[in-house]
A.B. asks: 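Let me give you the structure first, and then I'll get to my questions.
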Amino acid sequence: FYALVPGVKNFRAPSMIIFLFLFAACVMASLFLGTCLDRKTSLREGDKRLLYAAGGLISVALITSLAMNGFLGIWQEVLYSDITAAKAEALQSNIPFITRDLWRVVILLTVIFGGLWMFLSKKIGVTALTVLIALVAFVDSFVVDSRFIKVINPTLYAGTAPDNSVREIRNAMENQQPFRILSILTRHSPNYYAQFGIQSANGHHNNELQSYELFKGGRLYKNFTQYW
């Protein structure tokens, strides 16, 4: 995608193009679900194609799990032929986690397929199907969020709590206007002071113009410390 889709290489994070796939998948899933709820699909009562699809999904997952090393080897040859040894080792060490999440997705999809089959077979109603889909979505979100999201107290966390320098700068701002700081030699990130309403000459999120990047001398601000 980075090389073929126009404009992607200009993004700050080209990998975010995955949202195009997720958006398309959500749209297609909603259209399919709407068609099923309106009973305008070709699937009819007693039709077992959804069950066959679930069985095929489980079979593919089983084959993939047993031949995970081979599939990852093909993936590396086709999409990441220049992968470093360290990254290849990290990929291998994560195979158990990849396999575990693969089966989580397969099991949840199988439950959804089973629910749709029961709905189209008039074994359950719209309410039961809605509750089932919501429950599957909750379980999946809970599993993923529990790994990547951690609730903290922002007043106690080092990256968000104001330190003595914030209080000193705020006192100086009351007597000197306009006021702006140049934060170079600090233990905080360049974005730290901005969250307290303190304007910074170098406060940004690494999404600035290339001309400014050249002006400051890269992410380490070499020009700021070299030419005084």
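Note that the structure is a prediction, hence the values are computed from the model and not measured. The first residue of the sequence shown is numbered 1, and numbering continues consecutively from there.
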A.B. asks: V144: which other cluster members, linking ILVMFWY side chains closer than 4.5 Å, directly or transitively?
C.D. replies: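 Other cluster members: F148.
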
A.B. asks: Would you compute the distance between atom CZ of R100 and atom CD1 of I95 and round it to the nearest 0.5 angstrom?
C.D. replies: 14.0 Å

A.B. asks: L51: which residues meet the side chain to side chain contact (heavy atoms under 4.5 Å, CB included) condition with it, sequence neighbours left out?
C.D. replies: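 For L51, the residues satisfying side chain to side chain contact (heavy atoms under 4.5 Å, CB included) (neighbours in sequence not counted) are K48, W117.
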
A.B. asks: Going by the rule ring-ring contact (aromatic ring centres under 6.0 Å, His included), which residues pair with F196 if we only count those two or more places apart in sequence or in a different chain?
C.D. replies: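 F196: ring-ring contact (aromatic ring centres under 6.0 Å, His included) contacts with Y192.
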
A.B. asks: Check for me, please, whether I98 and Y80 land in the same ILVMFWY cluster - side-chain distances under 4.5 Å, paths through other members count.
C.D. replies: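 Shared cluster, yes.
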
A.B. asks: Using distance only, find each side-chain donor-acceptor pair of residues 62-77 under 3.5 Å and give its atom names and separation, not counting sequence neighbours.
C.D. replies:
{"residue": "T64", "atom": "OG1", "partner": "V60", "partner atom": "O", "Å": "2.7"}
{"residue": "S65", "atom": "OG", "partner": "A61", "partner atom": "O", "Å": "2.8"}
{"residue": "S65", "atom": "OG", "partner": "W103", "partner atom": "NE1", "Å": "2.7"}

A.B. asks: Quick one, F113 and L57 - any side-chain contact, counting heavy atoms below 4.5 Å?
C.D. replies: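 Yes, at least one pair of side-chain atoms sits under 4.5 Å.
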
A.B. asks: Throw together a table of side-chain donor-acceptor distances under 3.5 angstrom for residues 20-32, partners on residues two or more places apart or in other chains.
C.D. replies:
{"residue": "S30", "atom": "OG", "partner": "C26", "partner atom": "O", "Å": "3.2"}
{"residue": "S30", "atom": "OG", "partner": "V27", "partner atom": "O", "Å": "2.7"}

A.B. asks: What is the minimum heavy-atom distance between T110 and A54, and which atoms define it?
C.D. replies: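 So the minimum-distance heavy-atom pair works out to CG2-CB, 4.0 Å.
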
A.B. asks: Any link between V131 and V126 through a network of hydrophobic side chains (Ile, Leu, Val, Met, Phe, Trp, Tyr) touching at under 4.5 Å?
C.D. replies: no

A.B. asks: I'd like to know if L50 and I58 are part of one continuous hydrophobic network [Ile/Leu/Val/Met/Phe/Trp/Tyr, side-chain heavy atoms within less than 4.5 Å].
C.D. replies: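 Both belong to a single hydrophobic cluster.
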
A.B. asks: Examine distances only and state if a side-chain atom of S146 and a backbone atom of V143 form a donor-acceptor pair shorter than 3.5 Å.
C.D. replies: yes

A.B. asks: Please identify each residue that fulfils side-chain hydrogen bond (donor to acceptor under 3.5 Å, both in side chains) with T155, with sequence neighbours left out.
C.D. replies: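 Expected list: N153.
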
A.B. asks: Please round to the nearest 0.5 Å and tell me the distance separating atom CG of L129 and atom CG of L120.
C.D. replies: 8.5 Å

A.B. asks: For the residue pair D101 and R147, establish whether any side-chain heavy-atom pair is separated by less than 4.5 Å.
C.D. replies: yes

A.B. asks: Just so I know, are the side chains of N223 and F215 near enough to count as touching, which here means a heavy-atom distance under 4.5 Å?
C.D. replies: no

A.B. asks: Just grab all the salt bridge (Lys or Arg N to Asp or Glu O under 4.0 Å) pairs involving residues 127-146, residues at least two apart or on different chains.
C.D. replies: R104-D140

A.B. asks: Applying side-chain hydrogen bond (donor to acceptor under 3.5 Å, both in side chains), name anything that partners D82, two or more places apart in sequence or on another chain.
C.D. replies: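 None.
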
A.B. asks: To the nearest 0.5 angstrom, please state how far the CZ atom of F97 sits from the CG atom of L102.
C.D. replies: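 If I round to the nearest 0.5 Å, the distance is 15.0 Å.
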
A.B. asks: Would you please name every residue forming a side chain to side chain contact (heavy atoms under 4.5 Å, CB included) with M118, sequence neighbours left out?
C.D. replies: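 Result, side chain to side chain contact (heavy atoms under 4.5 Å, CB included) vs M118: K123, I124.
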
A.B. asks: Answer yes or no: is there a side-chain heavy-atom contact under 4.5 Å between L33 and L116?
C.D. replies: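 With C-beta onward as the side chain, the pair touches.
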
A.B. asks: Show me the donor-acceptor pairs within less than 3.5 Å that the side chains of residues 158-167 make with the rest of the protein, sequence neighbours left out.
C.D. replies:
{"residue": "T160", "atom": "OG1", "partner": "P154", "partner atom": "O", "Å": "2.7"}
{"residue": "D163", "atom": "OD1", "partner": "S165", "partner atom": "N", "Å": "3.2"}
{"residue": "D163", "atom": "OD1", "partner": "S165", "partner atom": "OG", "Å": "2.6"}
{"residue": "D163", "atom": "OD1", "partner": "V166", "partner atom": "N", "Å": "3.2"}
{"residue": "D163", "atom": "OD2", "partner": "S165", "partner atom": "OG", "Å": "3.3"}
{"residue": "D163", "atom": "OD2", "partner": "R187", "partner atom": "NH2", "Å": "3.3"}
{"residue": "D163", "atom": "OD2", "partner": "H188", "partner atom": "NE2", "Å": "2.6"}
{"residue": "N164", "atom": "OD1", "partner": "R167", "partner atom": "NH2", "Å": "2.6"}
{"residue": "S165", "atom": "OG", "partner": "Y193", "partner atom": "OH", "Å": "2.9"}

A.B. asks: If you draw a 6.0 Å radius around CD in Q92, do more than 12 non-hydrogen atoms from other residues or ligands fall strictly inside?
C.D. replies: yes

A.B. asks: Report the residues that fulfil side-chain hydrogen bond (donor to acceptor under 3.5 Å, both in side chains) with Q195, sequence neighbours left out, ordered by chain and then residue number.
C.D. replies: none

A.B. asks: Would you please name every residue forming a side chain to side chain contact (heavy atoms under 4.5 Å, CB included) with V105, sequence neighbours left out?
C.D. replies: L109

